[in-house]
Amino acid sequence: MEVLIYPTYEQMSVAAAAEMAAIVRAKPDAVLGLATGSTPLGLYTELIRLHKEGGLSFSKVTTFNLDEYVGLEGNHEQSYRRFMNDSLFSQIDVPPGNTHVPDGLAKDIPAHCREYEQQIVDAGGIDVQILGIGGDGHIAFNEPSSSLASRTRLKTLARQTIEDNARFFDRLEDVPVYAITMGVGTILEARKLILLANKKSKAAAVAAAIEGPVTSMVTASALQLHPHGTAFLDDEAAGDLKMREYYDWIQARKPDAPKSS
Ligand code: F6R
């Protein structure tokens with residue numbers, strides 16, 4: 001896995017956005033896999049800036065989000081559909097019909113999950129998938145012990161995830177216990193994976209994912225099985241990496257490494 005470390009969250013976000021923008025410029029009808037949460041907000045802000053000031057068009061792009069809470073309507077303040085509409089889709093020129101987020105109110109969830117997988121296949125597969133990482137090492141809502149071959153499905157959330165996400169809800173009890181999530185196997189089929197992580201609170205999970213054993217106890221470690229995975233980290237999230245010195249050394253020597261400014 002390629003590991004790129006930036007001094008600040010802003011620089012990390014701009015570098016990841018530059019990589020995404022290059023993919024969209026090279027393939028205007030690219031299929032983008034997107035994530036919610038705090039981590040990708042800087043990336044989305046930069047993509048919006050590149051759209052408004054740099055002429056980057058998303059008019060032919062198709063998007064698939066990783067996950068959605070079960071039981072929340074699409075316009076609920078904490079639904080991931082609402083998050084994506086507010087944080088990105090409404091500020092770029094992607095046609096709303098090209099954006100896909102699992103439906104948290106689907107009546108037949110297994111059928112909806114199968115259909116979601118089929119929609120990804122019909123779109124030609126995901127060209128680049130953005131991923132955040134949970135404090136417990138999860139990607140999407142693939143909590144510890146999720147099968148590394150898992151597909152899009154109904155998933156219970158771990159206690160730590162519910163507690164981490166309670167900051168967005170009025171009360172801990174309001175955080176949904178179930179979500180629909182792409183599986184680790186689904187994610188690994190994307191042609192390129194971009195893992196984003198910032199803050200000290202992610203350092204242990206990042207080190208386990210990048211340098212630890214491949215294990216379902218840290219589903220982000222499955223990135224080690226992917227031929228085109230890149231981790232964009234800020235200084236704090238990289239804090240527990242044993243090979244930190246090497247990553248910094250090689251990043252400084254790569255003539256074509258994404259630049260942070
Ligand atoms: C969100 C998602 C989650 C988050 C992770 C980190 O779509 O799939 O795996 O990426 O929980 O969340 P933040 O970025 O809020 O720390």
Side-chain angles (χ1 to χ4, degrees), residues 9-10 12-13 16 32-45 63-70 72 74 76-89 99-104 113 116 120 126 128-146 148 150-169 175-188 190 193-206 208-209 216-223 229 231-234 236-238:
Y9 171 69
E10 287 70 27
M12 174 198 97
S13 302
L32 308 180
L34 302 175
T36 57
S38 332
T39 314
L41 279 174
L43 162 72
Y44 296 155
T45 301
T63 70
F64 288 92
N65 263 80
L66 289 167
D67 41 19
E68 176 62 286
Y69 289 119
V70 166
L72 300 192
H76 185 287
E77 270 205 343
Q78 296 309 331
S79 82
Y80 285 174
R81 162 53 79 181
R82 169 82 177 264
F83 176 97
M84 290 310 300
N85 287 348
D86 292 352
S87 318
L88 183 65
F89 299 152
T99 67
H100 303 84
V101 180
D103 180 0
C113 293
Y116 202 71
I120 295 173
I126 292 173
V128 55
Q129 175 67 57
I130 299 298
L131 298 163
I133 182 169
D136 60 5
H138 69 226
I139 44 172
F141 274 135
N142 295 290
E143 301 286 25
S145 87
S146 291
L148 300 186
S150 52
R151 311 299 309 186
T152 303
R153 68 202 184 289
L154 180 68
K155 183 71 191 76
T156 43
L157 303 189
R159 187 170 175 171
Q160 185 180 340
T161 303
I162 291 173
E163 287 172 2
D164 285 351
N165 291 357
R167 66 191 193 277
F168 299 115
F169 291 80
V175 185
V177 171
Y178 290 100
I180 295 172
T181 182
M182 277 190 209
V184 180
T186 320
I187 292 167
L188 288 177
L193 300 180
I194 290 183
L195 179 75
L196 301 171
N198 66 306
K199 293 192 184 155
K200 207 172 172 178
S201 57
K202 298 292 176 67
V206 164
S216 64
M217 293 309 288
V218 179
T219 54
S221 66
L223 266 80
F232 287 79
L233 309 173
D234 80 347
E236 288 188 1

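One-based numbering, in listed order, for ligands and for the atoms of each. Keep in mind that the numbers below use all heavy atoms, side chains included, and drop hydrogens, waters and symmetry copies.
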Across all chains, not counting sequence neighbours, the ring-ring contact (aromatic ring centres under 6.0 Å, His included) partners of Y9 are none
Over all atoms of both residues, closest heavy-atom pair of L233 and A238 | CD1-CB, 4.0 Å
Which residue and heavy atom of the protein sit nearest atom 15 (O) of ligand 1, plus the separation = S38 N, 2.9 Å
So, for Y80 and Y69, is the gap between ring centers shorter than 6.0 Å?
-> yes
Is it the case that more than 12 heavy atoms not belonging to E163 sit under 6.0 Å from its CD atom?
-> yes
Can you list the residues that meet the side chain to side chain donor-acceptor pair (under 3.5 Å) rule with T152, with sequence neighbours excluded?
-> E117
How far is atom 1 (C) of ligand 1 from its nearest protein heavy atom, and which residue and atom is that?
-> T36 OG1, 3.1 Å
May I ask you to identify, for R167, whether its side chain, its backbone, both or neither come under 4.0 Å of ligand 1 on a heavy-atom basis?
-> side chain
Of all the atoms in ligand 1, which lie at a distance below 4.0 Å from a heavy atom belonging to L66?
-> 8 (O)
So which protein heavy atom does atom 6 (C) of ligand 1 come closest to, and at what separation?
-> I133 O, 3.4 Å
Can you tell me if M182 has a non-hydrogen atom under 4.0 Å from ligand 1?
-> no
Return the residue, atom name and 0.1 Å-rounded distance of the protein heavy atom closest to atom 2 (C) of ligand 1.
-> D67 OD2, 3.3 Å
Which residue holds the protein heavy atom closest to atom 10 (O) of ligand 1, what is that atom called, and what is the gap in Å?
-> G132 CA, 3.3 Å
Between F64 and Y116, what is the ring plane arrangement, given parallel below 30°, perpendicular above 60°, and tilted in between?
-> perpendicular
N or O contact, H138 vs ligand 1, cut-off under 3.5 Å | yes
Work out which heavy atom in P176 is nearest to a heavy atom in L157; give both atom names and the distance.
-> O-CD1, 3.5 Å
Is the closest heavy atom of K199 to ligand 1 under 4.0 Å?
-> no
Report the part of T161 (side chain from C-beta onward, or backbone N, CA, C, O) that has a heavy atom under 4.0 Å from ligand 1; answer both or neither where that applies.
-> neither
What residue and atom, counting heavy atoms only, is the protein's closest point to atom 16 (O) of ligand 1, and at what distance?
-> K202 NZ, 2.6 Å
Which of the atoms in ligand 1, numbered in the order shown and given with their element, are less than 4.0 Å from a heavy-atom of G37?
-> 14 (O), 15 (O)
Closest approach of I133 and A197, non-hydrogen atoms and distance?
-> CG2-CB, 3.8 Å
The closest protein heavy-atom partner of atom 9 (O) of ligand 1 is A140 O, 2.7 Å
Would you mind reporting whether K155 and I180 have side-chain heavy atoms less than 4.5 Å apart?
-> no
Considering only the protein, which heavy-atom contact is closest to atom 13 (P) of ligand 1, and what is its distance?
-> T39 OG1, 3.5 Å
